Structure formats: structure tokens, C-alpha cells
Asker: 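I'd like to ask you about the structure that follows.
Residue numbers start at 1 and run along the sequence shown. Note that the structure is predicted; figures quoted are calculated from it, not measured. Counting starts at 1 for both ligands and their atoms, following the listed order. All heavy atoms count here, side chains included; hydrogens, waters and symmetry mates do not.
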Amino acid sequence: MKAIIPAAGLGTRFLPSTKCTPKEMLPVLDKPVIQYVVEEALEPAEVDGAIIVTSPGKPELLSYFQPDRSLETLLRERGKAAYADAVADAGGMPVDFRYQYEPKGLGHAIRSAADACADESFLVLLGDYVVPARDICTKMLEVSRAHGGASVIAVAPCSPEDVSRYGVISGDRVGSICGAETAGDEEPGAVWRVSGLVEKPAPEEAPSNLYIVGRYLLSPLVMQLLKDQKPGKGGEIQLTDAMARSLDCEVMYAVVIDPLSGYDTGTPSGWMATNALMAAADPRFSDAFWDAIEERGGLKRA
Ligand code: G1P
């Protein structure tokens, strides 16, 4: 099974930093954001490769996932084995690339990788969300196995005024993943059968407040439907619309996750908070991080 990671956007919100550096290459602690997403994608045993869909203007992404033997050798000669290992890790992952030549939306980006998925189900991981525990795809695969290989998406509750930022589902709670049997309908572990999907609805039109968080396990039918998917919301080819069409022929499930299991890296302030929260929690960085903050009297909201 392949995992598709769309990474073709312009990174407008991060300009001017993204003028020469792709948004996906901005660091969280000591690694670029994209590496967290690739590592999460490769976590389930079923996944044998990640496909990054990028635009021709971002050669840095391709270079990053190439081996760099001379840098590794140099670092080893200088006794910097840990850095050499980190360089080897980045260049040794099963990552392949496809191009999205025009910015026509998420559905269009995903269908640019159709040839890589053969006729199999595939994962989609959106890159603005870092999941350190890397456990969401495993949960979706568990639900899919329990339902004959059906499509499964991860959802989480949001406030009614936020629904217009996301894809939103309608459906019914039908069960739980193992170990979450008593969870409430919108609590982590609840499993829903999806009856409809709508991209970025107005609050008064939203069928629920369960939004798609950006982790999908989709059947080959969804890829097939994407091929003739017409533009939808914002004039873009929407993945949500092809998923909604698939409901005419197939069942789809949603598993509720804790929205705090991931960290937002899609906006400058989200990215900054993610770096701070992860630094504060990482034993490699936390002492120096807190020392630097406390030296200036701690952090207080102005
Ligand atoms: C995309 C999807 C949307 C989903 C969201 C999650 O929207 O189209 O359904 O809820 O990602 O972040 P975008 O954020 O690309 O506008």
C-alpha cells in the first residue's frame, strides 16, 4: 500500500520564508516538517512507500530524500556519527515523487499519483499536521479491516464556527475501536458510518461538527472517481467531492481522534506553537529551551 502526501502548495502564509524554501522543509525541532509526515506514513506495516506530490518548482524536496554519501562520510570522518545517521535516515526512506503541474486542488494533487497506487487502497496524509505518536493510520487500518477493507477517514469535533474551514461528515455512530468501547459519540475511538461529506460548509449548512483532520484511507474507487471529478468549492477539484460520490457504491467509516494528538504546522503561529510545545517536551531540547525562556523571566501572555 502507498501513502500519498500532497506537497505542491506555494506556502503563501509563510512568505517571505518560503520564497526559496518549500513550506514542507521548514524545521520542527531538528527535522523538516515533511519528514515527520513521511515517517508517520511509513509506520503501518502495510505501507511500502510514500509518494510525495510536489510541483516542479520545489527540487529541494527531491534532494532532501536522496542519499548524500559524501556528507555522511565527511561527518563520520569528523566523529559526528549521530549527524551522519540522521543524514542517512533522511536519504534512505522509500519515498517517490509525482508532479502536480497546475494548482487545481487537493483532489487533483491526489490523482496525480494515481499510477503509483495500482488498484489498491491508499493512504493520504496532509502535511500541515504533525502526529508524533504516528498512530492515526494504524487506527484507520484497524477499522477498515473490521469492515471488509472499506475507506476510513479520521475526524475530530470542532466548534460550529470552524466547520467552514474543513470537510465535514454526516453519519451515525456504529461502534468503537478496540479499547475505546465506552467512548462517547464524539470522543476518541468512536467509529461512525459516513452517510455524506461536504467541503467547507457554512455553519448553518454543516451536517455535524465532525471535520476531516487530514488522514484518509481510501479505496481504489475514490481514485477512479477523482479522474473525472469536476471542480467544486473554490473552483478546485476536491477530494471530499470524489469521496462523497463513492458513497453511492461503497460504505465509508470515520474514526474519531483526539484533535490534540496532532500539532498544526500550517500557519506561522501554529508552527511556532508546535516548535515550542515539542521542544518543551523533548528531553534533547527541553532543558536548554526552558533555560532560554526563564532567563527572560518566563513566558506570559502580553
Ligand atoms: C483540506 C480538505 C478538507 C480537510 C482539511 C484538513 O482542506 O479539503 O476536507 O478538512 O484539508 O486540514 P484545506 O485545508 O486544504 O483547505
Side-chain angles (χ1 to χ4, degrees), residues 3-14 18 22-24 33-34 36-37 40-41 52-55 100 102-112 122-131 136-137 140 151-171 186 192 194 196-203 205-218 222-223 225-226 229-247 252 254-271 274:
I4 304 176
I5 302 173
L10 286 173
T12 316
R13 283 185 284 204
F14 286 88
T18 46
K23 176 180 77 165
E24 297 79 10
V33 171
I34 188 84
Y36 290 87
V37 186
E40 181 194 343
I52 296 178
V53 179
T54 187
S55 61
Q100 183 189 20
E102 293 166 280
K104 289 186 176 173
L106 177 60
H108 181 258
I110 301 305
R111 85 179 184 205
S112 307
F122 56 98
L123 288 165
V124 174
L125 292 91
L126 304 188
D128 286 345
Y129 190 63
V130 163
V131 182
I136 297 178
C137 297
M140 297 191 308
S151 295
V152 180
I153 54 176
V155 296
C158 67
S159 58
E161 58 274 19
D162 280 343
V163 286
S164 56
R165 294 167 49 197
Y166 299 111
V168 175
I169 68 159
S170 56
E186 295 190 356
W192 288 57
V194 178
L197 295 133
V198 44
E199 182 66 15
K200 301 191 174 72
E205 279 155 19
S208 77
N209 64 334
L210 287 175
Y211 75 96
I212 306 170
V213 298
R215 297 292 180 271
Y216 312 72
L217 168 59
L218 299 173
V222 177
M223 188 64 92
L225 291 170
L226 274 175
Q229 185 59 50
K230 302 277 178 297
K233 197 89 189 181
E236 297 191 338
I237 296 171
Q238 297 290 352
L239 178 58
T240 304
D241 293 346
M243 289 161 57
R245 282 167 68 209
S246 80
L247 297 176
M252 180 182 293
V255 59
V256 180
I257 59 137
D258 179 352
L260 298 183
S261 52
Y263 292 85
D264 170 37
T265 57
T267 61
S269 50
W271 174 81
T274 294

Asker: To the nearest 0.5 Å, what is the distance between CD1 (Ile5) and OG1 (Thr54)?
Answerer: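 Ile5 CD1 to Thr54 OG1: 11.5 Å, rounded to 0.5 Å.
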
Asker: Compute whether any side-chain donor of one residue and acceptor of the other, for His108 and Glu102, lie under 3.5 angstrom apart.
Answerer: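 Side-chain D/A pair, His108 to Glu102: absent.
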
Asker: Below 3.5 angstrom, do we get any N/O pair linking Ile212 and ligand 1?
Answerer: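 By distance alone, the answer is yes.
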
Asker: Counting C-beta onward and ignoring hydrogens, is there a side-chain heavy-atom pair between Leu106 and Leu126 closer than 4.5 Å?
Answerer: yes

Asker: Taking the side chain as every heavy atom from C-beta outward, state whether Ser261 and Tyr129 have any pair of such atoms under 4.5 Å apart.
Answerer: yes

Asker: Thr240 heavy atoms, cut-off 4.0 Å: which ligand 1 atoms fall inside?
Answerer: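 Here the atoms of ligand 1 in question are 9 (O).
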
Asker: N/O of Glu199 under 3.5 Å from N/O of ligand 1, yes or no?
Answerer: yes

Asker: Answer yes or no for atom 10 (O) of ligand 1: protein heavy atom present at a distance under 4.0 Å?
Answerer: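 So far as the 4.0 Å threshold goes, atom 10 (O) of ligand 1 is in reach of a protein heavy atom.
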
Asker: Find out whether Trp192 and Val256 are in side-chain contact, i.e. whether some heavy atom of one side chain is under 4.5 Å from a heavy atom of the other.
Answerer: yes

Asker: What are the atoms of ligand 1, with element, lying closer than 4.0 Å to any heavy atom of Gly167?
Answerer: 3 (C), 4 (C), 9 (O), 10 (O)

Asker: What do we get for Asp128 next to ligand 1 when only non-hydrogen atoms under 4.0 Å count, side chain, backbone, both or neither?
Answerer: neither

Asker: Among protein heavy atoms, which sits nearest to atom 1 (C) of ligand 1, and what does the distance come to when rounded to 0.1 Å?
Answerer: Leu126 CD1, 3.9 Å

Asker: Kindly state if atom 15 (O) of ligand 1 has a protein heavy atom within a strict 4.0 Å cut-off, that is, under 4.0 Å?
Answerer: no

Asker: Salt bridge or not between Lys23 and Asp128? Use side-chain N to carboxylate O under 4.0 Å.
Answerer: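 Answer for the salt bridge query: yes.
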
Asker: Hey, what do you get for CE (Met243) to CD (Glu199), rounding to the nearest 0.5 Å?
Answerer: 9.0 Å

Asker: Counting only heavy atoms, which portion of Lys200 has something under 4.0 Å from ligand 1: side chain, backbone, both, or neither?
Answerer: side chain

